Structure formats: structure tokens, C-alpha cells
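Here's the structure we're looking at; comments come further down.
Note that the structure is predicted; figures quoted are calculated from it, not measured. The analysis underlying the following values was restricted to heavy atoms, covering all of them including side chains, and did not include hydrogens, waters or symmetry mates. Whatever order the structure lists ligands and atoms in, that order sets their numbers, starting from 1.
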Amino acid sequence: EPDVLDKPDAQDLPPAVGKVDLRAVNFQYRDSTPRVLHDVDLHIQAGTTIALVGPTGAGKTTIARLIARLYEVSSGCVCIDDIDVRRVTQTSLRRQTGIVPQDPFLFSGTIEQNIRFGLPHAPDDKVSEAARLSNAHQFIADLPDGYQTKVLEGAANLSVGQRQLICIARAALAEPRILILDEATSSVDTMTEAMIQEALQRLLSGRTAIVIAHRLSTIRNADLICVVDRGRIVQQGTHQELHDQLGLYRTLYDEQFNLDGDGSG
Ligand code: ADP
């Protein structure tokens, strides 16, 4: 549905360092729909992880989509290394921005083809390297057909956790400078959860990462937490800074995490 076109004089985005800035961004999906982002200013240092937290419908996914230029701002701008994303070719932007969606999409084909998605000519050793880094190699190797295992309709032959690991491997193979991650909320068993967390920490390390965060461990490890509420960034800081304030973060935190028995503060 997005309707974004390259400008006639669009240039390739040079290899990115990975600084991301949103400057006075306003956004509405269509002229006829209400504005969903209001005056958003967000500055992300290259190589750091920011966590976007906030209630459902606050605008977190929209912010992530604008950074990947899946949509264009209504006013203001999104810049990568101080270059307005509207001035660069989409191909060059896609090469350097990876997205791991919440409900990762696997198509019917082999596991290997799914990992190679977007990079069909990547050498085999790169594929297995990416799978190892993502903690996916072991379970794939244990399947009777290994990397050639066919993904069935709806990925019914794979568990939710396995699908997530494959999608992490896909992102690891592409080596994007900027990674956008919509953390899955669906629960997986504790061991798979630990494998996913470990794989994500490896994947995020050294990259600029924007995580729509649902897990306390991700939020605690983030360099900066941005609290989004009704289309505005209402708080920014580290976990400790925000926890010490009586604000939305504290409320969300108390509601979501203390109940899990994981919220010692
Ligand atoms: P969050 O990720 O914080 O749950 P979203 O960014 O998905 O929030 O949504 C922000 C607002 O934008 C919501 O009011 C939502 O209904 C609206 N919205 C999201 N996607 C679209 C779309 N494709 N078209 C129109 N409105 C949308």
C-alpha cells in the first residue's frame, strides 16, 4: 500500500555510519485521516540501541516505518547521517536498513531461501554463518533436510520461536547498518526465549537499532528509551532515569513488569 517513489535526481545513500534524526516530524497516513505523529524530535547516535515503548496505537510502528521510509513524513524530515531519506534511492536505503517485523514473514520455499531473502546470491558459508550467529543453525541442522527443509504454508512445520530465529538469521545475513526490530510479543518456551535474546543482542551489537520493545531485558539494555504516547515523545532517558520519575514510563513499567515478578526496579 505505501506509495513512495524515488525522486528523479535521487542519489544512492553512501555507506552509512548510522546516525538517525527525526526533526519536527508530523505525520498522517492519508489526508482524510487524523495526524498520528506530532512534532517528533528524535536523535539516535550511530551504533546505539533505542527502545520505543508506549501504549498500543501510540505511534511506535509509525516512527519505525518513517525511518525505513515505508511512508514519507507530512512535514519535518527523517535524516540518516544528515541526509534526508527522501533524497536517496530506495534500493540503497533498503540495503542499509533491515526490518525484523513482529510476525516475521516466511514464504514457501526452503529455509535456506528464506534466509537469503533479499540476497539470493549470498555464498553458502555466509548463510550458515548468519544462522550460527542467530542461534538458528543447530535446529536447522537437526532437521532431516537441514537447510533444504521446505517451509510449509503458514510455516506450520516450524514453531514460532524457530520462525523468529530464521528471521533473525535473515537480518544477520543482510548486515544492515540500521536495524529496526518489532519485538515479538508471542510467548515461546524459556529456552527458546533465551536463545532469541542472545541472538538479538549479537545482531544489535555495533549497529544502530530501533526496537519497538516489549521485553524488559531489551528495555534495560537500550542506550535510550523513548516513551511514545498519542503521537508524541513524552519521555526520554535510561531505564533508571525514567523509573525514578513519576511518569508514563513508571506506570507502564509497574503495570507490565512488576506483575511478572521480574520488576525489582
Ligand atoms: P503502535 O505501534 O504504538 O501500536 P501505530 O504506529 O501502529 O502504533 O499506530 C499509530 C496510529 O496510527 C494508530 O491510531 C493507528 O490506528 C494508526 N495507523 C497505523 N497504521 C495505519 C495505516 N496503515 N493507515 C491508517 N492509520 C494507521
Side-chain angles (χ1 to χ4, degrees), residues 1-5 20-44 49-80 85-86 90 93-94 97-105 160 164 167-168 171 176 178-187 196 200 204 208-237 239 242 247-257 259-260:
E1 50 171 293
D3 192 18
V4 172
L5 297 171
V20 177
D21 295 283
L22 279 75
R23 300 185 184 133
V25 166
N26 290 296
F27 178 73
Q28 60 193 121
Y29 277 93
R30 271 172 287 277
D31 290 344
S32 54
T33 56
R35 199 187 269 188
V36 297
L37 293 181
H38 309 270
D39 247 332
V40 170
D41 273 294
L42 178 59
H43 305 288
I44 310 169
T49 296
I50 70 144
L52 298 176
V53 302
T56 305
K60 305 179 294 293
T61 311
T62 305
I63 290 175
R65 286 175 179 157
L66 292 180
I67 293 172
R69 199 183 168 215
L70 301 181
Y71 294 86
E72 286 189 350
V73 297
S74 306
S75 69
C77 65
V78 174
C79 293
I80 294 178
V85 293
R86 285 171 295 193
Q90 293 183 80
L93 183 62
R94 300 275 175 278
T97 44
I99 304 184
V100 183
Q102 184 173 117
D103 187 8
F105 172 74
V160 174
Q164 288 177 3
C167 288
I168 296 170
I178 298 167
L179 189 75
I180 296 166
L181 172 71
D182 194 347
E183 221 170 41
T185 45
S186 49
S187 49
I196 292 171
L200 286 177
L204 264 46
T208 307
I210 297 104
V211 187
I212 299 172
H214 303 288
R215 293 191 175 98
L216 188 57
S217 55
T218 312
I219 296 171
R220 281 210 176 125
N221 288 332
D223 298 293
L224 183 71
I225 299 164
C226 292
V227 185
V228 186
D229 188 28
R230 284 172 286 181
R232 294 174 198 276
I233 294 183
V234 294
Q235 286 181 293
Q236 288 193 47
H239 169 73
L242 297 183
L248 181 59
Y249 183 77
R250 179 71 171 265
T251 309
L252 291 170
Y253 176 87
D254 287 346
E255 277 172 8
Q256 291 184 14
F257 300 118
L259 298 175
D260 299 342

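No side-chain heavy atom of Y253 sits under 4.5 Å from any side-chain heavy atom of I225.
Checked by atom type, the side-chain pair Y71/T62 shows no donor-acceptor distance below 3.5 Å. Side chains of S74 and N26: a donor-acceptor N/O pair is absent below 3.5 angstrom, by distance only.
Atoms CZ and CG, from R23 and L42 in turn, are 11.5 Å apart once rounded to the nearest 0.5 Å. Going from atom CD of Q102 over to atom CD of Q164 covers 9.0 Å, rounded to the nearest 0.5 Å. The line from CD1 of I180 to CZ of R65 is 11.0 Å long, rounded to the nearest 0.5 Å.
At least one N/O-N/O distance between T61 and ligand 1 falls below 3.5 Å. At a 3.5 angstrom cut-off on N or O pairs, V36 does not count as close to ligand 1.
The distance from ligand 1 to the heavy atoms of A58 drops below 4.0 Å at these ligand atoms: 1 (P), 3 (O), 8 (O). Taking every non-hydrogen atom of R30 and a distance limit under 4.0 Å, the qualifying atoms of ligand 1 come out as 24 (N), 25 (C). Taking every heavy atom of R65 and a limit of under 4.0 angstrom, the matching atoms of ligand 1 come to 20 (N). Near T62, meaning under 4.0 Å from any of its heavy atoms, are these atoms of ligand 1: 5 (P), 6 (O), 9 (O), 10 (C).
Contacts between Y71 and ligand 1 below 4.0 angstrom, taking non-hydrogen atoms only, involve the side chain exclusively.
Under a 4.0 angstrom heavy-atom cut-off, P55 registers as being in contact with ligand 1. For the pair G54 and ligand 1, no heavy-atom separation below 4.0 Å is found. For T56, the heavy-atom gap to ligand 1 drops under 4.0 angstrom.
Residue-environment remark: CG (D103) stays at or below the threshold of 12 foreign heavy atoms within 6.0 Å.
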